[in-house]
Each structure stands twice: as structure tokens, then as C-alpha cells.
Amino acid sequence: MGYTLNFAAVWRSFDLLLGGLLLSLQLAAVALVIGAAIGLVLAFALVGGSAVLRRPAQLYVTVIRNLPILVLILFTYFALPQLGVRLDKIASFVLTLAVYSGAYLAEVFRAGLLSVPRGLKEAGLAIGLTPMQIRTSIVIPLMVRNVLPSLSSTLISLFKDTSLAAAIAVPELTFEARKINVETFRVIEVWMVTSALYVATCAVLAALMRAVERRLALPK
Amino acid sequence: MHDLLTNDLLMFANELWIARLALLKGLGVTVSISLLSILAGSVAGVGLGLGLVYGNRLLRLLLRGYTDIVRGTPVLVLVLASYYIFSTVGLDLGPFQAGVLALAVFCSSHVGEILRGALQALPAGQTEAAKAIGLTFGQTFASVLWPQALRQILPTWVNTAAEMVKASTLLSVIGVAELLLRTQEIISRNFMSLEFYFFAGFLYFLINFGIERLGKFVERKTAVPS
Amino acid sequence: MTKPLLEIQGLRKQYGAVEVLKGVDCTMRQGEVIAIIGSSGSGKTTMLRCINMLEEFQGGRILIDGDAIGYDEIAGARRRKGEKEIARQRALTGMAFQQFNLFPHMSAAQNVMLGLVKVKKMGRDEARALAEGWLDRVGLAARADHYPGQLSGGQQQRVAIARAIAMNPRLMLFDEVTSALDPELVGEVLQVIKALAAEGMSMLLVTHEMRFAYEVASRVIFMNKGVIGEEGDPKEMFVRPQTERLVEFLKSSSFQ
Amino acid sequence: MTKPLLEIQGLRKQYGAVEVLKGVDCTMRQGEVIAIIGSSGSGKTTMLRCINMLEEFQGGRILIDGDAIGYDEIAGARRRKGEKEIARQRALTGMAFQQFNLFPHMSAAQNVMLGLVKVKKMGRDEARALAEGWLDRVGLAARADHYPGQLSGGQQQRVAIARAIAMNPRLMLFDEVTSALDPELVGEVLQVIKALAAEGMSMLLVTHEMRFAYEVASRVIFMNKGVIGEEGDPKEMFVRPQTERLVEFLKSSSFQ
Amino acid sequence: QDAGSTLDKVLARGTLVMGTGSTNAPWHFKSADDTLQGFDVDMGHIIAKALFNDPAKVEFVNQSSDARIPNITTGKVDITCQFMTVTGARAQQVAFTIPYYREGVGLMMKADGPYKDYAALKAAGSKVTVAVLQNVYAEDLVHAALPEAKVDQYDAQDLIYQALNSGRAEAVATDQSSIGWFMIQNPGRYVDAGYGWGPQTYACAVKRGDQDWLNFVNTALHEAMTGVEFDTYAKSFKTWFGKDLPPPQIGFPVEYK
Ligand SMILES: Nc1ncnc2c1ncn2[C@@H]1O[C@H](COP(=O)(O)OP(=O)(O)OP(=O)(O)O)[C@@H](O)[C@H]1O
Ligand SMILES: Nc1ncnc2c1ncn2[C@@H]1O[C@H](COP(=O)(O)OP(=O)(O)OP(=O)(O)O)[C@@H](O)[C@H]1O
Ligand SMILES: [Mg+2]
Ligand SMILES: [Mg+2]
């Protein structure tokens with residue numbers, strides 16, 4: 001039962017894969033930045049005292065986190081136009097991933113916010129800072145440092161979710177890989193190279209996050 | 001307008017009734033995939049976590065490599081790899097087996113990492129106090145470290161379980177007739193995409209919400225009074 | 001007679017159903033140093049925190065230079081002032097905490113500068129110069145660029161005091177600033193407070209160090225179960241306590 | 001003359017290149033209570049941990065009842081004993097730690113029972129009865145089913161002592177068991193130790209409480225930079241210290 | 001070590017293992033009572049009948065489109081019949097049987113949509129977006145008929161219809177057989193643009209280098225289209241494509257004309 005690996009076909013289309021990877025990274029970058037903003041707002045709502053803000057935030061997080069992202073992707077792309085919101089497929093995927101990652105990042109940030117000692121906020125109040133100044137100068141910088149390790153793994157798994165954009169024909173890495181499969185049927189080789197690209201990218205992301213962590217580490 | 005809506009709803013209800021058995025079977029397959037892969041993945045993950053913490057240098061290095069590669073690969077790619085790569089070496093797994101294997105591997109890497117974190121977070125004083133009353137390492141692990149680590153990993157483990165349920169959708173790609181493929185089959189017959197995708201989404205939400213509740217319940221039950 | 005610096009009238013504060021301040025009255029003149037003593041849970045910390053609006057209070061008034069802190073009274077109804085106004089009022093007082101509460105991601109100088117730049121809208125250079133001046137005053141000129149994690153407890157507390165004083169407050173509040181310190185570090189902090197007192201800074205200080213209260217305070221307030229149990233000159237009070245409670249308290253404290 | 005309970009001969013221990021015990025010799029008879037004092041970093045904790053094999057050591061021997069702890073010497077070469085044998089030897093000594101180290105997922109009684117059941121292979125009922133007996137002795141009969149998170153620091157430390165004593169060790173090791181406690185909780189723990197001493201338990205205790213060492217110890221060892229600087233009767237040593245080092249140490253400690 | 005022909009293995013096993021999909025009507029899809037059906041599926045039954053004289057002795061392995069060739073080359077199936085277009089590149093990797101259908105591409109639009117026929121679509125130029133199944137030639141294929149149209153690729157048949165319905169696309173370009181089926185299922189809601197192009201043949205595929213097995217399958221399919229099983233083939237054709245086939249000529253074999 002011999003199957004001989006032959007990568008020639010993969011290398012011929014390697015630039016397609018690289019192009020796909022680049023798009024994956026762009027999708028992830030834009031979506032995760034928006035997602036982080038959503039997550040931050042939600043996190044403040046989750047830890048803030050007022051139930052008026054907390055309840056909807058909780059609902060958002062619970063519902064979104066328990067849905068397969070594929071369903072969300074199909075919803076944004078196919079149902080929103082029927083409700084009058086028409087986005088092209090890249091914008092619609094980015095929006096979906098942003099909304100989805102918002103729910104995950106909200107949880108990460110919430111834990112980070114809770115780990116900022118209350119005394120520091122009070123010290124900020126005591127020198128006359130407003131609550132907003134305390135958030136931007138004290139709470140967020142410290143929260144970011146606290147969450148970096150878990151942020152890193154969340155960002156990596158959200159990056160991997162860009163592979164699902166293939167379902168609405170966004171030509172990112174997985175889409176290109178499947179396209180090459182249909183053309184050459186060198187499925188095993190294509191997936192080996194593709195996963196190597198994903199693993200390498202995630203390793204680089206992780207290393208970058210560790211570098212950021214070291215960079216922001218407080219002198220002891 | 002109003003009639004149209006009722007009409008659509010009636011049509012959907014009718015199609016739903018026709019498809020009930022197929023959906024139920026799909027749900028059953030999704031649940032079995034999830035249970036099997038969570039079970040196998042957790043057992044393997046516990047071994048992995050132990051190796052990552054207490055193994056010698058070489059073992060730790062190997063396991064770290066395994067964990068990082070698995071965690072860096074999209075699950076879809078793992079699923080396809082498991083289905084095809086084993087047949088090149090003559091081990092012919094069916095799509096269900098191959099899919100469960102891929103998910104279990106994915107699950108194990110997560111459980112391994114979680115357990116490693118939990119074990120390393122336990123204060124060294126716990127091990128020392130156990131040693132001081134004469135417990136061997138095995139006894140220390142079984143009576144002191146494991147019960148504490150277990151309580152700590154429970155919430156994250158529940159999250160991983162929910163992830164596995166969601167990841168089971170990817171087995172549709174290699175032809176396992178789980179809930180999403182069943183849904184797609186139904187849609188390819190009656191072309192009611194939105195309705196049935198959302199119904200599937202709703203079912204997934206129910207499963208995961210159930211898992212979340214169950215996790216909270218077990219957490220409360222095993223909480224240590226303080 | 002000049003207007004008092006601080007006036008507290010019938011201050012009441014409750015947590016849920018529990019009343020922890022049950023009508024505190026107190027007047028303080030510019031330049032006074034008042035030590036607040038009393039057993040644990042008697043409400044000393046709570047009183048300081050009300051003056052700084054770190055806690056809301058349910059009854060009574062607190063006036064600084066005649067200005068009502070935290071609440072407006074309009075036609076008999078109390079209304080919390082706006083966040084901006086409260087922030088401005090908080091800057092009238094400086095506070096030093098038991099746990100220092102330095103911002104760990106900022107150097108000593110940055111800690112001191114933050115309020116100057118954000119609240120007083122000072123330029124960074126001017127703020128830096130001022131911060132360095134104050135760090136020098138608390139004996140830490142050489143540590144301006146160290147982070148809290150690189151400083152001993154006593155040094156951190158001195159930075160915290162510099163941070164509060166730099167805002168040029170009308171009144172300094174100290175809440176057991178030495179109780180989280182190792183014994184050998186207490187002295188350096190008390191030294192700084194003594195120097196400030198000598199320069200005429202108005203101060204309210206909660207302390208468990210009876211000897212220090214005795215030496216530095218111009219007046220002592222003994223808090224007991226949410227009210228002021230006794231007050232007066234320390235030379236008098238410590239030697240001839242009037243109430244049974246104070247006698248007991250002094251017996252259990254390390255002053256004896 | 002009877003065989004000594006504990007004999008330490010030329011004990012040497014290093015962390016990497018740093019030698020923290022530089023040849024400690026010490027002999028202890030059954031029933032003795034030895035207090036170990038000395039400044040921070042002098043090696044007191046390390047010495048206790050070597051006796052219990054929580055640390056490996058590089059030179060010298062430790063004998064309990066003439067039995068060499070941790071290492072076999074075969075033809076001049078040292079070989080670490082097997083895990084099982086070391087576990088058995090560890091049970092010869094009981095240890096109480098500064099941080100209590102109670103198992104947080106077990107009730108007080110379960111903490112005490114664990115070693116009885118797993119190491120001494122006692123039945124659960126018998127172990128439970130014994131555990132309750134010991135908890136009673138440390139004044140915690142009513143708290144047997146409380147979890148560590150429900151107990152004060154002092155109570156936790158007493159459970160930890162009961163857990164160690166219940167194993168019926170030949171020798172108890174106490175490492176600054178009161179320094180993590182609030183001052184008002186120190187007394188209850190020292191009370192328990194005093195009672196054990198009075199009953200003839202052999203004890204080695206590292207402490208910073210000079211007064212307590214003075215009262216309870218039959219002998220005091222002053223550790224200094226990894227060796228024993230001075231030792232003797234506390235009544236003698238504290239009043240007429242022989243070495244310059246000890247004079248200095250006592251001056252800086254709270255005993256004066 | 002030659003394990004013998006797949007033909008012998010299949011006979012010894014007693015069932016045929018055939019790879020196909022389950023989500024493309026009328027080729028391979030599930031009926032309301034959850035059994036697999038369609039034209040591809042019927043080919044499986046025809047081959048099983050030839051093997052065992054029992055059309056039911058076939059086990060279908062569900063596979064996605066891009067699994068068609070790997071599942072053959074890795075031996076997961078004996079044969080694949082899954083509307084597979086014959087191309088030279090593919091023929092280098094698997095052995096194709098004789099064709100069992102000829103397909104063309106058609107365009108379908110919403111009946112109430114802005115464009116009524118092919119001419120209108122072509123005139124609209126780049127204002128038209130066409131939804132098409134994901135494929136390497138998809139872009140070229142569409143541009144052969146509508147040179148300026150925008151092309152959106154999807155990976156499932158239902159998604160291209162969904163794109164049309166939600167207004168993401170003004171037309172779908174897909175197999176005429178699929179369009180035919182879809183319009184039968186949804187009478188009056190869609191129109192065919194009335195233009196067909198892109199001829200291609202569909203054939204089953206087996207592993208290369210197994211002439212015995214290939215001969216057998218070819219014989220079975222050949223006799224279904226021209227010989228003793230013609231009635232079965234014609235009935236299936238009628239069911240899925242709605243057309244009656246003329247009976248094969250009697251006398252001189254069609255092959256030698
Ligand atoms: N956030 C809170 N919620 C409920 N009760 C509180 C809260 N903070 C303080 N208390 C209670 O209010 C009372 C007064 O507390 P306060 O901290 O003012 O005492 P204190 O005199 O400063 O004591 P100490 O000397 O221990 O610092 C105490 O009984 C305390 O338990
Ligand atoms: N794990 C370790 N690695 C390296 N050095 C260590 C380690 N543990 C202790 N040391 C060093 O060994 C020396 C002796 O430490 P030890 O804890 O025995 O002192 P001690 O007398 O108990 O002090 P203290 O009164 O502060 O508890 C110190 O210089 C310490 O820094
Ligand atoms: Mg207080
Ligand atoms: Mg020590």
C-alpha cells in the first residue's frame with residue numbers, strides 16, 4: 001500500500017499559499033484589534049457595578065461563546081443583507097471574527113481587571129484623577145501586563161479561526177490549500193505544508209507576545 | 001406580509017418534522033464524537049501534563065514539541081491529516097475513528113497545558129508538608145496534588161469540552177454524519193439554509209450551555225469551604 | 001477667629017445595615033497635627049476615607065475651607081456632586097495608605113508626576129523637576145528612576161508620601177502608614193512625617209504607634225465604636241485618660 | 001550514657017556554588033528542647049530541612065537514633081537511599097512550617113489523618129479517633145471538620161502541629177512557626193509548643209522570639225554564617241554572650 | 001506482493017465500497033426518509049447488481065469533493081462516482097471509467113430579479129456577480145460566458161443558491177443538471193438564462209494499474225447504457241433529469257459506426 005509523497009505540485013503553488021497566509025494575517029490583525037476594543041468595553045461592563053450594563057454584556061458573552069463560529073459566519077454573510085446590512089465577504093468575515101473574539105477577549109480582560117488591586121484605583125482617586133484617567137493611566141496598563149500570557153493563547157486560537165473564512169470563499173490560507181487540493185489532489189502534501197505554515201506563524205506570534213511580555217515586565 | 005411569515009414558519013416546521021430523525025442521529029453522532037474525544041483527550045492530557053511537569057529533560061522537550069505543534073495547527077488541518085496521513089503508513093482508520101483521534105489529540109494538548117499550569121501553581125510547601133509526614137511521591141500526588149489541581153482545572157476543562165463540541169463540526173469535512181453534515185444534507189434537499197443553520201446553531205448552543213451549567217454545578221459541589 | 005481648615009459635622013456612615021460612624025464632630029485649624037487612635041474597627045480608617053470621598057457617607061457634612069465635600073444640599077435634599085468636581089475636591093487632601101499603593105508600572109518620579117501632569121496640567125519638565133524636588137525631600141533623590149518593585153517598603157512609603165504632598169494639598173491624611181513595614185523601616189517614614197509637621201503641614205494621622213502620636217501630635221482623638229470617645233492634648237490624655245475605654249485601650253497598646 | 005537521639009557531624013550544604021552550611025556539628029539527647037537563633041540567612045531553616053531530607057546535602061552525616069539519614073556510605077562513596085526508605089525516615093521527624101502548609105482541600109481532621117492512614121496504614125476509624133484526640137490537645141476539638149480556609153492563622157498552625165505530632169515522631173522540628181501570624185495569634189501557638197515541651201517531646205525550634213526561646217529551651221544554638229557560633233544554656237547565653245556576633249545579634253533583636 | 005485485483009477483493013468481501021457525497025441534488029443527496037439517492041448513487045447500484053446480482057450490496061462512503069481522489073489513492077474506497085469531471089491531470093492520478101453523463105454549465109437567475117435572460121446579463125457587464133462552486137477553473141468558466149462578470153466561489157451547492165437568494169449574486173453558474181433539479185423543486189421562482197456552455201464528461205474513477213477492475217466497471221456501465229440494464233439506467237435518468245432516453249439501436253453495435 002504505497003503512497004509516495006511528492007511535494008513538487010505544492011511548491012509550484014507555494015506563492016498561492018503565502019498569499020493566503022498574508023490574507024489570514026491581515027484578517028486576524030484587523031478583526032482582533034476591533035475584537036479587543038469590544039472585549040475591553042465588555043470587560044468594564046462585566047466588572048462594573050451596574051446591572052444595566054452587566055446583564056447585556058453577560059448575555060453577549062454567553063451566547064457568542066457557545067455558538068460554533070461557522071454559524072456566526074454564515075449569519076453575517078447571508079442573513080444580515082436580508083436585514084439591510086450588506087458587507088463584502090472580507091468585511092463580513094472580519095466583523096464576525098471581531099464579534100466572536102470580543103466575547104473571548106472580554107473574559108480574558110475581565111480576569112485582568114479583577115487582578116488590579118483596588119488600592120491602586122483609590123490612590124489614583126486620592127490624587128484627584130477622574131475615573132477615566134484612572135482607567136487609561138493605571139488600570140489598563142496594569143491589566144494588560146496581567147493578561148499577556150492568557151492573551152497570547154487566546155489570540156493564537158482566534159488566529160487559527162481565520163481558516164473558517166474558507167467557507168465563504170475568502171481566499172485565505174485554508175481556502176488556497178483546498179483550491180490547490182482540487183487542482184492537484186496532492187492532499188496530504190498540501191495539508192502538511194499548510195499546517196507547517198500555521199504552526200510556524202503561531203510560534204512567531206507566541207514569541208512576539210513573549211517579547212512584549214518581557215518588554216513590559218516591571219523591573220524588580 | 002404577516003401571512004407570508006406564518007407560511008414560512010409552517011414550511012420550516014414541516015421540514016423540521018420530516019428531518020427530525022436525521023437531526024437526532026446527527027445530534028447523537030456529535031455527542032458521541034464529543035464524549036469520546038473529551039474522554040480520550042483528557043486521559044492522554046493528564047499523562048501529558050504529568051510528563052510536562054515531572055518528566056526528565058528529554059521527555060519534557062518531546063512533549064513540549066508535541067503540544068506546541070498540535071496547538072499551533074487549526075483543528076480542521078488535524079482532522080484531515082489524521083484521516084489521510086495514517087493511510088499512507090497502512091493504518092486505515094474510518095472517518096469517525098480518524099476524526100475522534102484528531103479531536104482527542106487536540107484535546108490532550110489543551111488538557112496537558114492546563115494541568116501543567118495547575119500543578120506548577122501549587123505551592124511547593126504542599127509537597128514538602130506531604131513529604132514531611134512520610135508520604136511517597138505517588139501518595140503525595142494522589143492525595144495532595146491531584147485533588148487540588150483537579151479543582152483548579154475544572155473551569156478551564158469545561159471550556160475545553162465546549163470547544164470540542166464546536167470542533168466536532170469539522171468532522172463533516174471527512175464525511176462523518178454529525179449534526180452539521182446532517183444539516184447540510186437536509187439543506188441540499190430543501191434549500192432552507194438559514195433556517196436549518198440556525199436551528200443547528202441553537203442545538204449547539206443548548207449542548208454547550210448545558211455543559212457550562214454542569215461545570216458550574218460540579219464546581220459548586222467540589223468547592224472547599226472557606 | 002479664622003475659618004477652620006476642616007469641619008466635620010455629625011458624620012454618619014453605614015455599610016448596609018451596620019453603622020460604623022455614628023455622628024462624628026470635629027474641627028481642625030490650619031497647621032494642626034491630629035493623631036487618631038482607637039482600637040481596631042472603631043472607624044478611624046472610615047473617617048479618613050470619607051474626608052477623601054473614597055467612601056460615600058449617609059449623613060452629616062464635611063467642609064474643607066468652608067466648602068462642602070462630596071454632596072450638595074439643595075432644598076434639604078443631598079445630591080452627590082459630579083465626578084469632575086469630586087476629583088477636584090479630592091486633590092485638596094493628600095492621602096497615604098497602609099499598603100503604599102504605588103503604581104507598579106511607573107518609576108518613583110513618574111508616580112509623583114502623574115497627578116501633576118493629569119490633574120494640575122503641568123508640563124512634563126516642570127512636573128519632573130517638582131517630583132525630583134519632593135523625592136529629594138524624602139531622601140530618595142537617587143531613586144527617582146527606580147520602580148516600586150525595586151524599592152524597600154520604607155522607600156515605597158516615602159515615595160507615596162511625596163506623591164501626595166507634591167499635589168500641594170491643604171491637608172494630609174495618613175492611614176497607619178507604618179503598619180505594613182518591617183520594624184527597622186518604620187523610623188525613616190516617621191522621620192519624614194515629623195519633618196512635614198515641623199514645617200506646618202496640616203495633618204490627620206491614624207496610627208498605632210502611641211509614642212509617635214505622643215511626640216508629634218498637637219491634639220489626639222480617641223475613636224471608640226464610631227464616635228469620638230475623648231480628645232485633647234496628648235501630654236494630658238495619655239497621662240490622665242478620662243474615660244474607662246481609653247484607660248483600657250492604652251493598657252492594651254504598646255505605649256505602656 | 002545513652003545513645004543520642006540526633007547527631008549531626010560536619011554537615012555541609014551548598015546551593016550551586018554558595019555554601020550555606022559549612023560544617024555543622026551538634027548532638028541532642030532525647031527530651032531536649034533546643035532553640036536555634038541567628039540572623040536572617042544564617043542557615044537555620046536549611047539545617048532543619050536537611051534533617052528532614054527536604055534538602056539534599058553534600059557533606060557530613062545526620063544520624064537519628066544512630067541511623068544515617070538520607071545517604072548510605074558504601075566503601076566511602078555516598079549513595080542516596082531509595083524514595084521509600086527516605087519517606088520512612090522522614091516520618092521519624094515531624095515538621096511544622098512558617099506557612100503552615102495545611103492541605104486546603106481536607107478538613108482539619110483529614111489533614112491529621114492522612115499520614116496515619118497512608119504511612120502508618122491505620123484504619124480510618126482508628127485514625128479519626130487519634131486525630132480528634134490530637135486536635136483536642138491543641139484546643140481545636142470543635143474545629144475537626146473545618147477546612148483550613150475557615151480557620152484563623154493560629155488555628156491552622158495548631159492543626160499543622162497536630163498533624164506532625166500525630167505521626168508520633170522521635171523529634172519535632174519547628175521553623176519559625178509564629179512569624180506568619182498576627183501578634184494576637186502568636187500566644188496560642190506558643191502555648192501548644194510549651195505544653196509539648198513539658199511532656200518531654202524532643203524539639204528543635206528555629207525562632208525569632210527571644211523571650212520564648214529563653215523560657216522554653218533547655219539549650220540555645222546561635223547560628224552564624226553557616227556554622228554554630230555559640231551554644232549553651234539560655235539563662236547563661238542571653239545574659240553573658242561570649243562572642244561579639246551574639247552580642248550584636250541580641251542587641252538588634254527584640255529581647256533587649 | 002500483489003494482493004490481486006480489486007475485483008477479487010470486492011467479490012470476496014460481498015459488498016462494493018463506493019465513495020460519493022451526500023449534499024448535491026440530483027447527484028447524491030438524502031431523501032426525506034434519510035436514504036442516499038441520486039444519479040451517482042444509482043450508478044453504484046448498477047455496478048453492485050453486476051457484481052452480486054443484488055443492487056443493494058453497496059456501501060457508500062461519504063466524502064467531500066476534495067476527498068475524491070485521495071480516498072481512491074489511499075484505498076479507502078473501491079470506486080468513486082461523484083459527478084467527477086474527466087480531465088487529463090486527474091487521469092494521471094486515477095483511472096477513469098467510461099463516461100456515464102455529459103454535463104454543461106448553465107446560468108440561473110431569480111424570476112423576479114433585474115435580469116431576465118443571458119443577453120441582459122451579458123449587457124450588464126461588471127455589475128453582475130455570479131456565484132459558482134469553488135473550482136480552479138471557476139473564474140475562467142464564468143468569463144467564457146460573461147467576460148466582465150464578478151465571480152464569487154463557494155464550497156457548497158446550497159451556498160451558491162443562498163448567495164442568489166440573499167442578493168449577494170445576480171446569477172449562479174453551475175451544472176445544468178443541478179439547475180434543472182433546483183428549478184423543478186422550486187417551480188416559478190427561478191429562470192434559466194437559456195445559455196449553456198462548458199461541456200464536460202462525468203465518469204467514475206478507480207485506482208490506477210488495476211485493469212481487471214477497470215474492465216469490469218466499464219462493462220457494467222456500458223451494458224447499463226446500451227445493453228441488458230438499459231431500463232434501469234433510463235429509469236434513473238428520467239427520475240433525476242426528467243427526460244426520456246431513446247432506446248439503444250438494435251443491430252449493428254453503436255461503437256463501430
Ligand atoms: N467595605 C466594608 N464593608 C462592610 N464593612 C466594613 C467595610 N469596611 C469597613 N467595614 C467595617 O467598618 C468598621 C470600621 O472599620 P475601619 O476600617 O474604619 O476601622 P479602623 O478603626 O480603621 O480599624 P483598624 O485599626 O483595624 O484599621 C469595622 O467594623 C469594619 O468591619
Ligand atoms: N533554594 C535556594 N537556592 C539558593 N540559595 C538558597 C536557597 N534557599 C536558601 N538559600 C540561601 O541559603 C542561605 C541560608 O538560608 P536559610 O533559609 O537556611 O536561612 P535562615 O537562617 O533560616 O534565615 P531566616 O531567618 O531569614 O529564615 C541564605 O543565604 C539563602 O539565601
Ligand atoms: Mg484602619
Ligand atoms: Mg528560615
Side-chain angles (χ1 to χ4, degrees), chain B residues 42 46 49-51 53-57 59-60 111 114-158 215-226, chain D residues 45 48-49 51-55 82-108 110-121 145-151 156 159-160 162-169 172-175 180:
Chain B
S42 299
V46 168
L50 284 177
V53 179
Y54 303 113
N56 62 29
R57 205 188 236 317
L59 183 65
R60 284 207 313 269
V111 174
I114 300 167
L115 183 62
R116 181 192 62 80
L119 285 174
Q120 285 179 343
L122 291 178
Q126 291 291 309
T127 312
E128 296 188 341
K131 279 183 181 169
I133 54 174
L135 297 187
T136 60
F137 176 75
Q139 290 171 328
T140 303
F141 184 77
S143 304
V144 177
L145 304 179
W146 173 246
Q148 293 185 56
L150 197 59
R151 284 182 173 79
Q152 214 192 318
I153 67 178
L154 190 64
T156 336
W157 185 78
V158 165
K216 292 261 159 62
F217 175 77
V218 176
E219 222 173 297
R220 265 200 312 278
K221 279 279 155 184
T222 56
V224 172
S226 68
Chain D
T45 296
L48 285 205
R49 292 168 59 87
I51 297 176
N52 212 348
M53 271 304 277
L54 289 179
E55 301 284 349
E83 267 320 313
K84 281 256 162 78
E85 174 63 5
I86 289 182
R88 190 193 62 76
Q89 291 189 326
R90 280 199 186 107
L92 293 175
T93 54
M95 180 141 183
F97 303 83
Q98 182 174 341
Q99 298 299 341
F100 331 145
N101 292 338
L102 286 187
F103 307 132
H105 59 300
M106 298 180 181
S107 67
Q110 287 168 335
N111 263 280
V112 181
M113 289 162 64
L114 183 68
L116 300 174
V117 173
K118 299 277 170 182
V119 180
K120 296 228 184 269
K121 310 291 179 201
D145 293 321
H146 286 225
Y147 283 79
Q150 301 172 301
L151 300 173
Q156 288 189 50
V159 175
R163 176 175 71 180
I165 299 280
M167 297 298 291
N168 196 19
M172 270 298 298
L173 311 171
F174 294 88
D175 188 11

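Computed from heavy atoms alone, side chains included, the values below leave out hydrogens, waters and symmetry copies. Below, read A as the first sequence line, B as the second, and so on, with proteins coming before strands; counting in each chain starts at 1.
Proximity to chain D (any heavy atom under 4.5 Å) is shown, for B:A130, by both the backbone and the side chain. For D:F103, the parts sitting under 4.5 Å from any heavy atom of chain B are the backbone and the side chain alike. Neither the backbone nor the side chain of B:P123 comes within less than 4.5 Å of any heavy atom in chain D. At a 4.5 Å heavy-atom cutoff, the contact between D:T93 and chain B is made by backbone atoms alone. Contact of D:L102 with chain B is made through the backbone alone, with heavy-atom distances under 4.5 Å. Contacts of D:M106 with chain B are made by side-chain atoms alone, with heavy-atom separations under 4.5 Å and no backbone atom involved. In this structure, chain D has a heavy atom under 4.5 Å from the side chain of B:Q139, while its backbone stays farther away. With a 4.5 Å cut-off on non-hydrogen atoms, D:R163 touches chain B through its backbone and its side chain both.
Contacts with chain B were tallied for D:L151, D:L54, D:N52; D:L54 has the most, counting heavy-atom pairs under 4.5 Å. Of the listed residues (B:V144, B:V224, B:L135, B:T136), the greatest number of heavy-atom pairs within a distance under 4.5 Å of chain D belongs to B:V144. Among D:M95, D:Q99, D:K118, the residue making the largest number of heavy-atom pairs under 4.5 Å with chain B is D:K118. Ranked by non-hydrogen atom pairs under 4.5 Å with chain B, the options D:H105, D:M167, D:Q150 are led by D:H105.
Atom-to-atom distance recorded for B:S143:OG and D:Q110:CD is 11.0 Å, nearest 0.5 angstrom. Rounded to the nearest 0.5 Å, atoms CG (D:N111) and CD1 (B:I133) are 8.0 Å apart.
Taking each heavy atom of D:F97 and B:A129 in turn, the nearest pair found is CE1-CA, 3.7 Å.
The closest side-chain heavy-atom distance from B:E128 to D:R49 is below 4.5 Å.
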